[in-house]
Amino acid sequence: MPVITFNTVLGALTDDQKSELSKALTNTVGEVLGEKIKPNTWIIINEAPEGNFHIGGHLLTAETIKKAMN
């Protein structure tokens, strides 16, 4: 079974966004590997507290992610 792990900062995504992301990733797996695999596709969304993500030595916050998405 496919397992997709998505890591992000806690608070960066709403529950609705997590649901949409899960559906989109599952649908993509189905398009590539076949529709029969979709019910067995795991999507794991890990949310770590702010302070645990850095890019280029700079802290990545939930607010930074939200701004990048809009």
- Task: Kindly write out the residues that satisfy salt bridge (charged side-chain N to carboxylate O under 4.0 Å, His left out) with E50, not counting sequence neighbours, or none if the list is empty.
- Result: none
- Note on the structure: For D16, the salt bridge (charged side-chain N to carboxylate O under 4.0 Å, His left out) test, sequence neighbours excluded, returns none
With rounding to the nearest 0.5 angstrom, report the [atom1] to [atom2] distance, [X] to [Y].
X	Y	atom1	atom2	value
N46	N52	CG	CG	11.5 Å
H54	L59	NE2	CG	4.5 Å
T41	K36	OG1	NZ	14.0 Å
E20	D15	CD	CG	11.5 Å

- side-chain contact (heavy atoms from CB on, under 4.5 Å) evaluation trace for I65 with T8: CA-CA 9 Å; I65 295 170; T8 190; 3.8 Å; yes
- Message: Is the shortest side-chain heavy-atom distance between I4 and I44 below 4.5 Å?
- Response: no
- Test item: M69 and L13 side chains (from C-beta on) under 4.5 Å apart, heavy atoms: yes
- Item | Atom of A62, atom of A12 and distance for their closest heavy-atom approach | CB-N, 3.8 Å
- Item | Selection residues 21-34 - residue pairs positive for side chain to side chain donor-acceptor pair (under 3.5 Å), sequence neighbours left out | N27-K38
- Query: Is it true that L10 and I43 fall in one hydrophobic cluster, defined by side-chain heavy atoms closer than 4.5 Å?
  - Reply: no
- Item | Within one Ile-Leu-Val-Met-Phe-Trp-Tyr cluster: L25 and V32, side-chain cutoff 4.5 Å | yes
- Item | Worked check of side-chain contact (heavy atoms from CB on, under 4.5 Å) between F6 and L21 | CA-CA 9 Å; F6 186 92; L21 179 62; 3.8 Å; yes
